[in-house]
**Student:** 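Provided herewith is a single structure, encoded as structure tokens, for subsequent inquiry.
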Amino acid sequence: MNKVIAIANQKGGVGKTTTAVNLSASLAATKRRVLLIDLDPQANATTAAGIDKSKKNICDNFFENEELSNCIHKTSDDYFILPGSQDLIALDVAIRENEKQGYLKKLIENINDNFDYTIIDTPPTLNQLTMEALLAASGTLIPLQCEYYSLEGVAGLIKTIQAISEKNLSSNRVLGIIRTMVDLRNNLAKEVSEELEKHFQGLVFNTLIPRNVKLAEAPSHGVSGIKYMPDSYGAKAYLALTGELIRKVENV
Ligand SMILES: Nc1ncnc2c1ncn2[C@@H]1O[C@H](COP(=O)(O)OP(=O)(O)O)[C@@H](O)[C@H]1O
Ligand SMILES: [Mg+2]
């Protein structure tokens, strides 16, 4: 069964895209069939996946009725991607104005048989695009940087996920919080990290993603950190995180 996972946090720069790309690459490395969907108008995941802007993307499917299969492309990391573009800003409005809520959920239902995992990268706001991801997903991962203001917003996001789930609009649940760009030499990071474990017991992934420059360099080469520098601390951490996720969602 296709496991649909949204990567969300209204804050920007917390590692959503880096997590989406490296998780997709790590899952593909285990021979699982993976689709990454880029829902951010900045289309950072699309660039990081090495996909040319001229390729058909999700907006071509929505606005031009382009066949979905023509909009899905294989990456050099062996996962597939449904790219985004800046036209996603218009898509956000169009879904609201034309009452097309649930477009993404329906789109994914049509390709459920083709994939084991669908990972959705979302923009840094709780807009209609993020709602589309939350409605389509069966689980949400929340990347979080251990800083003073990090906890603000997370409670709101968790409430939103619970609310749509209670309205039976989705079966989405929070799969876990991922601590990103961790530097435990920093005392504040350590404090926030411990605070997180206390507040969100059972929800915080054990694997810490360290701050590692290789993860930041990889996107400019159009590959994941896993492929760019497999022996780096960053790559190893994302592989470990993926193992933890697989054990969580596949009960193995
Ligand atoms: N673990 C990490 N170590 C070093 N740099 C990172 C790490 N994770 C993300 N970055 C960098 O931080 C910036 C923000 O990350 P990104 O994944 O784009 O966040 P978001 O998608 O939440 O806005 C990017 O320049 C990215 O390359
Ligand atoms: Mg991003």
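The structure displayed is predicted, hence computed values, not measured ones. Residue numbers run from 1 in the order of the sequence given. Order of appearance sets the numbers: ligands from 1, and atoms from 1 within every ligand.
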**Student:** Backbone N or O of M181 within a donor-acceptor pair of the Q145 side chain at under 3.5 Å?
**Tutor:**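 No, the answer is negative, given that no donor and acceptor are paired below the 3.5 Å cut-off.
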**Student:** Apply the test side-chain hydrogen bond (donor to acceptor under 3.5 Å, both in side chains) to residues T19 and Y238: give CA-CA distance (whole Å), side-chain angles for both, the deciding distance (0.1 Å), then the verdict.
**Tutor:** CA-CA 8 Å; T19 299; Y238 271 112; 2.8 Å; yes
**Student:** Pairs of nitrogen or oxygen atoms closer than 3.5 Å, one from K16 and one from ligand 1: do any exist?
**Tutor:**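 Between K16 and ligand 1, an N or O pair is found under 3.5 Å apart.
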**Student:** Side chain of N9, backbone of P143: donor and acceptor closer than 3.5 Å?
**Tutor:**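 Yes.
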**Student:** With only distance considered, is T17 within less than 3.5 Å of ligand 1 through an N or O on each side?
**Tutor:**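 T17 vs ligand 1: N/O contact under 3.5 Å present.
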**Student:** Which bit of V14 gets closer than 4.0 Å to ligand 1, counting heavy atoms only: side chain, backbone, both or neither?
**Tutor:**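 The answer is both.
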**Student:** Give the numbers and elements of all ligand 1 atoms closer than 4.0 Å to a heavy atom of A216.
**Tutor:**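 Ligand 1 atoms under the 4.0 Å threshold to A216: 5 (N), 27 (O).
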**Student:** Among all protein heavy atoms in this structure, tell me which lies nearest to atom 26 (C) of ligand 1, with the distance rounded to 0.1 Å.
**Tutor:**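 Ranked first by proximity to atom 26 (C) of ligand 1 is T18 OG1, 3.8 Å.
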**Student:** Would you say T18 reaches the Mg ion (ligand 2) with an N/O/S atom under 2.8 Å?
**Tutor:**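 So T18 does not count as coordinating the Mg ion (ligand 2).
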**Student:** Between G15 and ligand 1, is there a nitrogen or oxygen pair with a distance under 3.5 Å?
**Tutor:**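 Checking ligand 1 against G15, an N or O pair does fall under 3.5 Å apart.
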**Student:** Using a distance threshold of 4.0 Å (strictly less than), state whether atom 8 (N) of ligand 1 has a protein heavy-atom neighbour.
**Tutor:**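 Yes, there is a protein heavy atom closer to it than 4.0 Å.
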**Student:** Inspect the surroundings of NZ in K105 and state if more than 12 heavy atoms from other residues, nucleotides or ligands are less than 6.0 Å away.
**Tutor:**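 Yes.
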**Student:** Ignoring hydrogens, tell whether any protein atom lies closer than 4.0 Å to atom 24 (C) of ligand 1; use the non-hydrogen atoms only.
**Tutor:**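 Given the 4.0 Å cut-off, atom 24 (C) of ligand 1 does not count as touching protein heavy atoms.
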**Student:** Under 4.0 angstrom from ligand 1, any heavy atom of G13?
**Tutor:**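 A heavy atom of G13 does come that close to ligand 1.
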**Student:** Identify, by atom number and element, the atoms of ligand 1 in contact range of I209, meaning under 4.0 Å from any of its heavy atoms.
**Tutor:**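 In order of number, 1 (N).
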**Student:** Considering only heavy atoms of L215, which atoms of ligand 1 have at least one such atom less than 4.0 Å away?
**Tutor:**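 Per the distance check, 1 (N), 2 (C).
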**Student:** Could you say whether the N/O atoms of N212 and ligand 1 ever approach to under 3.5 Å?
**Tutor:**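 Yes - when backbone and side-chain N and O of N212 are compared with those of ligand 1, one distance drops under 3.5 Å.
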**Student:** Just by distance, do the side chain of R33 and the backbone of D113 share a donor-acceptor pair under 3.5 Å?
**Tutor:**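 At least one qualifying donor-acceptor pair exists.
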**Student:** Taking atom NZ as the centre, does K190 end up with more than 12 heavy-atom neighbours from other residues, nucleotides or ligands that are less than 6.0 angstrom away?
**Tutor:**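 Check fails, neighbour count at 12 or below.
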**Student:** Is atom 13 (C) of ligand 1 close to the protein, meaning a heavy atom under 4.0 Å from it?
**Tutor:**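 It does not; no protein heavy atom is within 4.0 Å.
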**Student:** Considering distance alone, does some N or O of P210 sit under 3.5 Å from an N or O of ligand 1?
**Tutor:**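 Looking only at distances, the answer is yes, because the N/O contact criterion of under 3.5 Å is met.
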**Student:** Within the side chain of D87, is there an N or O that forms a donor-acceptor pair under 3.5 Å with the backbone of C59?
**Tutor:**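 No, because the side chain of D87 does not come within donor-acceptor range (under 3.5 Å) of the backbone of C59.
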**Student:** Between S165 and I161, is there a donor-acceptor pair closer than 3.5 Å when you use the side chain of the first and the backbone of the second?
**Tutor:**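 Side chain of S165 to backbone of I161, a donor-acceptor pair under 3.5 Å: no, none is there.
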**Student:** Say whether, by atom type as modelled, one donor and one acceptor occur between the side chain of K16 and the main chain of K11 under 3.5 angstrom.
**Tutor:**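 Yes; judged by distance alone, with no hydrogens or angles, the pair exists.
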**Student:** Using atom types as modelled and distance alone, determine if a side-chain donor or acceptor of D60 lies under 3.5 Å from a backbone N or O of N57.
**Tutor:**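 Side chain of D60 to backbone of N57, a donor-acceptor pair under 3.5 Å: yes, one is there.
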**Student:** Among protein heavy atoms, which lies nearest atom 2 (C) of ligand 1, and at what distance?
**Tutor:**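 Checked against all protein heavy atoms, atom 2 (C) of ligand 1 sits closest to M181 CG, 3.6 Å.
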